[in-house]
Amino acid sequence: MKAWWLRPMVRLVAALLLPFSVPAIITLMIWALPGDPAEIICPPEICQGTEVLAARWNLDGGPWKFFSAWISGAMQGDFGKSWRLDQGGSVYDLLAESVPTTTALILAGLLPLLLGAIGAATGLIPRRVDPVASAVGLVPAVVFALLCAAIVELNYGAQSFDTEGSLARLAFGALVLGFADGAFAGATTGVRALFRTERKQRYVGVALLRGERPLPNMLPNVTPALAGQLRARVLHLLSGTVVVEVVLRINGIGDLLWSGTLLQDFGVVLAAATAFATLSAALLFIQAVTEILVALVVRRAPTLPAAVAVAERAAG
Amino acid sequence: MIPRKLAIALGVACLLVLIGLGVFAPAHLSEFDSDRVYLGALDAPPFGTDQRGRPLLEYAQQGASVVLFPSLFAGMVVGGMGVVGGLLRCVGSARVDTAVQAFGEIVGSLPRMVVILVVALLIPAGSRGLLPLAFAWAVLASPGAMDEAASVAERLGGARFVEALRAHGFSWSRVFLYHIVLLNLRPVVVRQAAETAMQVTFLEIALSYLAAQENQSSFTHADNVKSWADLLEIGYPSLVLDVPTGHALALGLGLVAVVTVMSLMLASAARAR
């Protein structure tokens with residue numbers, strides 16, 4: 001039999017490595033590109049003092065010097081400086097401005113998915129809704145976002161960047177994230193299939209015969225699978241933020257990553273991708289811990305002395 | 001449930017439309033024609049013209065040529081990886097299962113769009129194309145396909161199923177290629193491949209649209225080639241302003257619908273009997 005701890009351990013190791021491996025790979029990419037990395041910031045044909053700049057930005061000592069300096073700075077909250085987007089400006093300031101917006105967008109986008117999952121688990125959302133949700137989910141995020149952007153512009157016009165307009169953009173962004181690309185349909189059908197399979201287990205039948213409700217019996221056993229599904233959904237939302245934020249002009253971390261990529265601003269891309277990696281690592285960690293807790297607390301077989309004591313009490 | 005023959009006919013028809021558009025795509029758009037600006041589909045068949053009097057048919061053709069090969073290639077990669085995932089489960093080795101799981105955890109742990117953007121940074125401006133991004137997307141989509149195919153193989157009986165068929169005297173190739181892949185893994189593998197091809201097409205549209213919105217070059221094609229995203233960009237003002245470009249939007253959405261129908265029908269055609 002396969003060891004139960006293998007999967008959570010793989011996840012824990014991946015979670016630990018992810019926040020370091022992503023900036024390491026991007027650093028290697030900077031040096032893999034043709035030319036001197038410092039010339040990306042300061043092309044010699046239009047700017048002088050490339051060597052001084054390279055020394056100041058830790059680009060003069062190879063990838064290891066740059067990576068070690070960046071990672072030690074990042075651990076203290078210093079994510080370096082922007083190379084092109086806001087040249088010389090602090091990336092921390094850009095992140096501080098965009099992370100709360102993206103967090104709000106993700107949480108709002110998660111709401112329909114959680115409601116859908118709860119509705120599917122409890123049976124409040126019937127199976128006949130699934131084809132409709134699937135049909136809506138076929139619309140790609142970019143098309144859905146375009147339609148929502150048009151609605152915002154038609155309703156708010158020049159005021160679409162005021163507080164009310166910005167809130168509307170956020171709400172529509174969450175709507176797109178929650179329903180486009182099969183997000184809602186995936187959440188409902190995934191949870192429904194999970195509970196349908198679990199319901200066929202013998203212990204659920206026994207619980208029903210004892211007059212108990214099936215959901216509280218099934219929930220502890222399906223928790224690891226639910227945690228896995230939740231992680232997949234949040235990753236899907238994170239992936240969608242880039243498209244949604246750019247099309248709906250929401251100043252979030254996805255928009256920041258896109259702008260950094262377009263302008264080859266490795267300073268911004270490094271920080272934004274690491275932020276995404278850290279969040280993904282946190283999700284992996286939560287899933288691994290959930291699996292370990294369920295294995296230790298819920299599925300633990302009674303120890304031998306305890307089982308013997310129970311048998312003796314029963315016999316006595 | 002759509003009848004299998006109808007699903008095959010519709011799926012193949014959509015695929016042929018895309019291949020036809022892509023194969024006959026012109027290398028360059030036509031010259032400007034100020035007398036034919038923003039003509040509708042009836043005035044300039046089959047799809048009308050753009051703001052410079054050029055036929056939108058050429059946009060559709062060039063867009064199809066951009067997505068056609070990379071999306072099919074990505075679909076085949078995912079399908080192939082799905083087959084590998086299913087067959088590895090039939091080997092019945094715990095170590096192989098652990099290695100496959102570790103691969104899936106690491107590859108699937110990051111948001112796909114973030115990885116795609118990081119890969120896009122590596123592509124030099126002079127040699128931009130969808131193929132490397134499509135390959136990256138296929139690698140990211142592979143763990144899901146492998147996992148699903150492995151579940152199918154496990155429900156089948158895994159190594160015991162292979163053992164039983166071998167005991168009946170079937171050859172290795174018949175057991176693996178016919179009984180496991182063709183009869184049992186086919187629905188999963190074809191569906192995953194078709195979905196990935198669709199996703200890569202949508203990825204191209206999204207990346208090109210985002211770049212066009214910022215007046216930048218797309219990562220997925222050269223500047224002299226138009227994408228289906230350009231149709232959406234031309235058509236979008238018709239939703240908010242009094243600009244007669246609704247025909248471009250309709251064409252862009254129509255092409256998206258063709259790709260979606262193709263994916264759904266091919267998946268439906270390959271379903272288990």
Side-chain angles (χ1 to χ4, degrees), chain A residues 2-3 6-7 10-11 13-15 17-18 21-22 25-26 29-30 32-34 138-143 145-147 149-151 153-154 181 231-232 234-243 246-247 249 254 257-264 266 269 272-273 276-277 279-281 283-284, chain B residues 94 97-99 101-122 124-125 140 144 195 198-199 201-203 205-211 213-219 229 232-233 235-241 249 252-253 256-257 259-261 263-264:
Chain A
K2 212 163 108 177
L6 216 49
R7 273 179 181 262
V10 169
R11 291 199 172 101
V13 171
L17 291 178
L18 214 52
S21 56
V22 168
I25 290 167
I26 295 175
M29 278 170 51
I30 297 173
L33 289 171
L138 287 173
V139 181
V142 67
V143 172
L146 272 178
L147 296 177
I151 293 169
E153 285 189 30
L154 282 172
D181 288 336
R231 180 170 76 89
V234 176
L235 278 180
H236 185 89
L237 295 185
L238 286 172
S239 189
T241 52
V242 177
V243 172
V246 177
V247 174
R249 298 185 191 283
L257 179 64
W258 174 252
S259 305
T261 309
L262 272 185
L263 298 176
Q264 237 188 0
F266 281 98
V269 170
F276 275 114
L279 201 55
S280 307
L283 293 168
L284 265 176
Chain B
D97 280 354
T98 308
Q101 191 229 339
F103 166 74
E105 287 302 334
I106 292 161
V107 169
S109 57
L110 275 171
R112 287 185 193 176
M113 193 56 118
V114 176
V115 180
I116 292 294
L117 292 185
V118 172
V119 172
L121 272 173
L122 263 181
L140 295 172
E195 278 180 7
M198 179 179 76
Q199 287 166 357
T201 306
F202 293 168
L203 173 74
I205 294 172
L207 290 177
S208 293
Y209 187 85
L210 299 189
Q213 205 178 15
E214 313 256 331
N215 290 321
Q216 297 280 343
S217 301
S218 174
F219 293 115
L232 298 180
E233 207 215 352
Y236 176 71
S238 68
L239 293 175
V240 288
L241 300 167
L249 187 66
L253 294 178
V256 167
V259 174
T260 309
V261 170
S263 168
L264 288 177

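For clarity, every value in this text was computed on a predicted model and none was experimentally measured. Naming convention: chains lettered A, B, ... in sequence-line order (proteins, then strands); numbering from 1 in each chain.
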Relative to chain A, which segment of B:Ile116 carries a heavy atom at a distance below 4.5 Å: side chain, backbone, both, or neither?
-> neither

Heavy-atom distances under 4.5 Å only: say whether A:Ile26 touches chain B with side chain, backbone, both or neither.
-> side chain

B:Leu207, B:Ile205, B:Ile106: which one forms the most heavy-atom pairs within less than 4.5 Å of chain A?
-> B:Leu207

Considering only heavy atoms, which portion of A:Leu138 lies under 4.5 Å from any heavy atom of chain B: side chain, backbone, both, or neither?
-> both

Calculate, to the nearest 0.5 Å, the distance between atoms CG and CZ belonging to A:Asp181 and B:Phe202 respectively.
-> 8.0 Å

The interface call for B:Ser263 against chain A, heavy-atom contacts under 4.5 Å, is neither

B:Val115: what forms a side chain to side chain contact (heavy atoms under 4.5 Å, CB included) with it, not counting sequence neighbours?
-> B:Leu110, B:Val119, B:Leu140

Sole candidate of B:Val256, B:Thr260, B:Leu203 that passes side-chain contact (heavy atoms from CB on, under 4.5 Å) when paired with A:Pro140 = B:Val256

Step-by-step side chain to side chain contact (heavy atoms under 4.5 Å, CB included) determination, B:Leu239 to A:Glu153 = CA-CA 9 Å; B:Leu239 293 175; A:Glu153 285 189 30; over 6 Å; no

Which atoms of A:Ala281 come close to chain B, meaning under 4.5 Å heavy atom to heavy atom: side chain ones, backbone ones, both, or neither?
-> neither

Residue, of A:Ile30, A:Leu147, A:Val246, that accumulates the most heavy atom pairs under 4.5 Å with chain B = A:Val246

For B:Ala206 and A:Val243 the tightest heavy-atom approach is CB-CG2, 4.0 Å

By a 4.5 Å heavy-atom criterion (distance strictly below it), what part of A:Val269 contacts chain B: side chain, backbone, both, or neither?
-> side chain

Based on non-hydrogen pairs under 4.5 Å, which of B:Leu210, B:Val240, B:Leu264 is most in contact with chain A?
-> B:Leu210

With only heavy atoms counted, which part of B:Ala211 is less than 4.5 Å from chain A, the side chain, the backbone, both or neither?
-> both

Toward chain B, the part of A:Val234 with a non-hydrogen atom under 4.5 Å | neither

Atom CG of A:Leu6 and atom CG of B:Asp97: how far apart are they, to the nearest 0.5 Å?
-> 10.0 Å

Got a sec, which residues hit ring pair (Phe, Tyr, Trp, His ring centres under 6.0 Å) with B:Tyr236, two or more places apart in sequence or on another chain?
-> none

What are the two closest non-hydrogen atoms of B:Gly108 and A:Leu235, and how far apart are they?
-> O-CD1, 3.3 Å

Identify the two heavy atoms, one from A:Val242 and one from B:Leu117, that lie closest to each other, and give their separation to 0.1 Å.
-> CG1-CD1, 3.9 Å

Closest contact, heavy atoms only, A:Phe276 versus B:Pro111 | CD2-CG, 4.1 Å

Which heavy-atom pair separates B:Val118 from A:Met29 by the least distance, and what is that distance?
-> O-CE, 3.0 Å

Let me know if A:Leu33 has heavy atoms under 4.5 Å from chain B in its side chain, its backbone, both or neither.
-> side chain

Cut-off 4.5 Å, heavy atoms of chain B, and the answer for A:Leu262 is both

Closest non-hydrogen atom pair between B:Met113 and A:Ser239, with its separation = N-OG, 3.0 Å

Structural part of A:Ile151 lying under 4.5 Å from a heavy atom of chain B = neither

For B:Leu121 and A:Phe266, what are the C-alpha separation, side-chain angles and deciding distance, and is it a side chain to side chain contact (heavy atoms under 4.5 Å, CB included)?
-> CA-CA 9 Å; B:Leu121 272 173; A:Phe266 281 98; 3.8 Å; yes

Portion of A:Val143 that has a non-hydrogen atom of chain B nearer than 4.5 angstrom | side chain

Top contributor to chain B contacts, counting heavy-atom pairs under 4.5 Å, from A:Ala15, A:Ala145, A:Ala14, A:Ala149 | A:Ala149

Apply side chain to side chain contact (heavy atoms under 4.5 Å, CB included) to A:Arg231 and B:Ser109, showing your working.
-> CA-CA 9 Å; A:Arg231 180 170 76 89; B:Ser109 57; 4.3 Å; yes

Heavy-atom side-chain contact between A:Leu238 and B:Val114 under 4.5 Å | no

